[in-house]
Amino acid sequence: MEQLLREALAAAISSGALPALPPGIGEPDVDVARPPQQAKADLASSVALKLARPLRMAPLAIAAAVAASLEASAGASAVIGSIEVAHPGFINLRLTPGFLERSLDAVRTAGAAFGRVEVPGRHHVNVEFVSANPTGPLHIGNARGAFVGDLLCRVLEAGGREVTREYYFNDFGSQVMNLGASVLAIANGTDLPEDGYRGAYVHELAAELPDELVAATAASPDQATSIVGQWASERVRAGIEASLERLGVTFDVWFTESTLHREGWIQRAIERLQAGGHLFEQDGALWFRSTAFGDDKDRVIRRSNGAYTYFGADIGYVINKFERGFDHLIYLWGADHHGTVARNRNAAEAMGYDRSAVEMLLIAWVRFVRDGQDVSMSKRAGEFITLDDLLEEIGVDAARWYFAARATTSSIDFDIEAAKDPTAANPVHYVRYAHARISSILRKAAEAGLGPADSLDGTLAGDEVAQGLAREILRLPDVVGDAALAQETQGVTAYATELATVFHAFYRDRRVVDPEALETSRARLALVDAARLALASTLGLLGISAPDSM
RNA sequence: GCGCCCGUAGCUCAGUGGAUAGAGCGUUAGGUUGCGGACCUAAAGGUCGUGGGUUCGAGUCCCGCCGGGCGCGCCA
């Protein structure tokens with residue numbers, strides 16, 4: 001469609017209806033957007049408004065010239081039904097019923113592939129998220145990052161990207177030692193360390209310590225904390241993986257910090273930075289000159305005691321990821337980590353990478369509330385409520401929807417009572433219900449020996465209601481493309497609600513299965529089947545179930 | 001003090017510089033002898049925190065201020 005407009009614009013210029021573009025303007029931004037409802041059009045463009053200044057012409061005159069040229073275009077006639085110029089210079093287009101019919105036939109041929117598109121951008125994407133250290137079960141503070149990360153991956157994949165889901169964790173640091181010491185203390189009945197872990201899961205771990213492990217710690221007492229820590233953290237990690245799977249979130253790679261040390265990635269990063277003259281030593285520590293790239297402070301990579309900082313490991317990880325063939329690194333971090341964004345991107349740039357290929361998305365805070373009261377902490381256990389508890393109460397579909405519908409940069413109140421509402425007053429179930437309703441209709445028709453028509457050819461003309469549903473179905477690829485580019489899913493949930501609404505209205509106004517009109521019934525079954533495909537594709541994009549009955 | 005994020009309907013939130021700022025919930029008033037009423041229609045509800053600026057056009061971009069959150073380690 002943009003192509004058609006661009007050609008019409010070029011034709012208008014070459015025919016002399018419009019003056020040539022002044023040099024230095026470059027390709028005009030030929031946008032095709034969705035017009036507001038009152039415009040009663042399928043597509044709208046504001047090219048004329050944007051060209052008003054460079055062409056030094058009234059927007060309405062430009063729009064008229066482009067519209068005339070579009071009207072005369074042979075390629076447009078089968079697609080564009082009517083063209084209208086609206087104040088102050090919009091070009092509104094309406095698609096022909098024939099184009100809608102052909103497009104819907106293509107949708108039904110594509111089946112489950114409908115809604116997958118190819119958007120421009122970096123192709124091999126690594127998305128690192130959750131990355132909570134395995135020292136305790138995931139709690140509701142991890143919920144948003146887990147869902148948003150997975151949603152982002154799904155949207156990128158639907159946009160044609162190849163995505164690797166990666167979980168990074170610390171497997172040998174002080175936190176793991178602390179976990180080992182805590183488990184040991186409970187097992188031995190001694191006092192917990194000062195800042196030891198004291199949740200119920202620590203007691204469970206202590207009770208489950210295998211005999212071989214107890215024997216091993218007895219054989220080498222100075223290694224006891226480490227041995228138990230390793231064992232316990234692996235147990236906890238496996239529990240985290242199981243929790244995530246219950247959310248429908250699976251990872252392709254579980255990456256340990258120790259790998260970065262063992263395989264020399266941090267050393268490699270240091271050499272790279274050293275060669276570029278980006279490092280200096282001071283007070284016995286090794287520093288990265290982050291201020292050279294606009295940071296407000298320089299940053300320590302290796303402490304004076306010889307140990308690498310977290311930042312040191314981070315930059316080794318950057319090299320590792322790029323060496324594995326990714327050309328786009330996305331990190332989902334809690335908003336509290338925003339202070340570390342600049343140094344990481346600076347280091348990536350200093351190592352010779354394009355800083356725009358290293359992207360940190362900050363996930364804003366969630367306040368879980370019930371009747372206006374904060375419920376993040378469990379009163380009973382005195383610790384954060386676990387992710388498992390939350391999911392048990394509200395369900396995966398509702399939780400996914402809740403996070404998908406909100407911008408990640410906005411801190412939100414998660415109303416548990418609203419989210420767990422199982423009725424159609426809850427948008428997620430309203431949409432799921434639409435899918436179930438269509439499935440029911442198709443089922444009923446099949447029982448009566450009635451199947452959808454092979455083609456919708458010639459069935460939409462004159463039926464504004466059916467055309468309205470068709471237009472809504474056909475918006476999906478644009479919605480997916482926008483989502484993939486924006487790396488956000490709010491548009492997808494909004495679309496899902498609108499599609500369901502349009503379908504319900506269609507259902508009210510048009511009887512699908514009518515024994516008195518078999519041909520019409522078959523055509524409507526085909527239309528409704530396309531709607532079902534669009535709903536299933538949309539819900540699948542969100543990781544939400546599309547049931548055949550509820 | 002400096003930096004980042006946020007402030008939009010009673011509530012929870014959308015809103016790639018474009019047309020009369022939207023959705024869900026809640027409130028109010030209606031609708032069905034039919035394929036799933038878990039549905040549909042309509043109404044009320046807004047100084048887009050605030051004051052300037054840029055622009056043909058600003059909820060959106062820039063600056064100041066107010067309010068809220070988070071950061072500012074040789075911690076992780």
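Lettering follows sequence order; numbering is per chain, from 1.
- Residue-level contact check: A:Pro88 touches neither bases nor backbone, having no heavy atom under 4.0 Å from any strand.
- A donor and an acceptor atom sit less than 3.5 Å apart, one in the side chain of A:His338 and one in the base of B:G3.
- OP1 and OP2 of B:C72 both lie 4.0 Å or more from every side-chain N or O belonging to A:Lys297.
- If you check every strand for non-hydrogen atoms under 4.0 Å, A:Gln37 touches nothing.
- Other residues, nucleotides and ligands contribute only 12 or fewer heavy atoms inside 6.0 Å of the CD atom of A:Glu194.
- Rounded to the nearest Å, the gap between the C1' atom of B:C48 and that of B:C6 is 14 Å.
- Annotation: B:G59 and B:U50 have their C1' atoms spaced 14 Å apart (nearest Å).
- Side-chain to base pairing of A:Ser304 with B:C74: one donor and one acceptor N or O lie within less than 3.5 Å of each other.
- With rounding to whole Å, A:His87 atom NE2 is found 10 Å from B:C56 atom C1'.
- Judged by atom type and distance alone, A:Asn426 does not reach the base of B:A38 through any side-chain donor-acceptor pair under 3.5 Å.
- Residue A:Gln490 places at least one side-chain N or O under 4.0 Å from the OP1 or OP2 atom of B:G15.
- Surrounding CZ of A:Arg56 are at most 12 heavy atoms belonging to other residues, nucleotides or ligands under 6.0 Å away.
- As a whole-Å value, the separation of A:Arg511 CZ from B:C35 C1' is 5 Å.
- To the nearest whole angstrom, the two P atoms, one in B:U8 and one in B:G15, are 14 Å apart.
- Closest to the side chain of A:Gln175, out of B:A76, B:C40, B:A19, is B:A76.
- Closest to the side chain of A:Val512, from the set B:G18, B:C35, B:C40, is B:C35.
- Pair assignment for B:A23: B:U12, on the basis of Watson-Crick or G-U wobble contacts that are both within less than 3.5 Å.
- Considering only side-chain N and O atoms, A:Ser410 lies under 4.0 angstrom from the phosphate OP1 or OP2 of B:A14.
- Judged by distance alone, with hydrogens and angles left aside, A:His504 brings no side-chain donor or acceptor close enough to the base of B:C39 to form a pair under 3.5 Å.
- The partner of B:C61 is B:G53, judged by Watson-Crick or G-U wobble contacts that both fall below 3.5 Å.
- Distance CG (A:Asp298) to C1' (B:C74): 13 Å, rounded to an integer number of Å.
- B:A9 and B:C4 have their P atoms separated by 26 Å, given to the nearest Å.
- In this structure, of B:A76, B:C13, B:U20, it is B:C13 that holds the atom nearest to the side chain of A:Ile412.
- At the phosphate of B:G18, neither OP1 nor OP2 sits under 4.0 Å from any side-chain N or O atom of A:Lys50.
- Rounded to whole Å, the separation between the C1' atoms of B:U54 and B:C62 comes to 7 Å.
- The side chain of A:Asn133 lies closest to B:A76 when the candidates are B:A19, B:A76, B:C40.
- Annotation: cation-pi pair A:Arg437/A:Tyr433 absent, no NZ/CZ under 6.0 Å from the ring centroid and within 45° of its normal.
- When heavy atoms are screened at a 4.0 angstrom cut-off, A:Ser440 is found touching base atoms of the nucleic acid.
- Taking the C1' atom of each, B:A21 and B:C13 are spaced 14 Å apart, rounded to whole Å.
- Ring-to-base geometry does not place A:Trp365 in a stacked arrangement with B:G69 (centre distance under 5.5 Å, plane angle under 30° required).
- Taking atom C1' on both nucleotides, B:G45 is separated from B:A29 by 15 Å, rounded to a whole Å.
- Residue A:Val513 has its side chain nearest to B:C35 when only B:G36, B:G24, B:C35 are considered.
- Between the C1' atoms of B:A44 and B:C2, the separation comes to 47 Å (whole Å).
- Applying the 4.0 Å criterion to OP1 and OP2 of B:C40, one finds that A:Tyr430 has a side-chain N or O inside that range.
- Counting any heavy atom pair closer than 4.0 Å across all strands shown, A:Asn92 reaches a base atom.
- Nearest to the side-chain atoms of A:Ala436 among the listed nucleotides B:G18, B:C74, B:G36 stands B:G36.
- A close approach under 4.0 Å does occur between a side-chain nitrogen or oxygen of A:Tyr507 and OP1 or OP2 of B:G37.
- Comparing atom distances between the A:Tyr310 side chain and each of B:U12, B:A76, B:C35 picks out B:A76 as nearest.
- Residue contacts for A:Ala425: at a heavy-atom cut-off of 4.0 Å it reaches the sugar-phosphate backbone alone, with no base atom in range.
- A:Phe414 places its CZ atom 11 Å from the P atom of B:C13, with the value rounded to the nearest Å.
- A close approach under 4.0 Å does occur between a side-chain nitrogen or oxygen of A:Arg303 and OP1 or OP2 of B:A76.
- Looking at heavy-atom distances under 4.0 Å, A:Ala285 makes contact with a base.
- Within the nucleic acid shown, A:Asp295 has no heavy atom closer than 4.0 Å to any nucleic acid atom.
- Note on A:Ala342: nothing from the nucleic acid sits closer than 4.0 angstrom, heavy atoms only.
- Base contact: A:Ser549 has a heavy atom under 4.0 Å from a base atom.
- In this entry the distance linking CG of A:Leu499 with P of B:C39 reads 16 Å, nearest Å.
- Atom pair A:Arg345:CZ and B:C4:P shows a separation of 14 Å (rounding to whole Å applied).
- Out of B:A38, B:A19, B:C70, the shortest distance to the side chain of A:Asp336 is found at B:C70.
- Side-chain N/O atoms of A:Thr409 include none lying less than 4.0 angstrom from OP1 or OP2 on B:C5.
- Closest approach to the A:Arg53 side chain among B:A19, B:U55, B:C74 is made by B:U55 (side chain taken as heavy atoms from C-beta onward).
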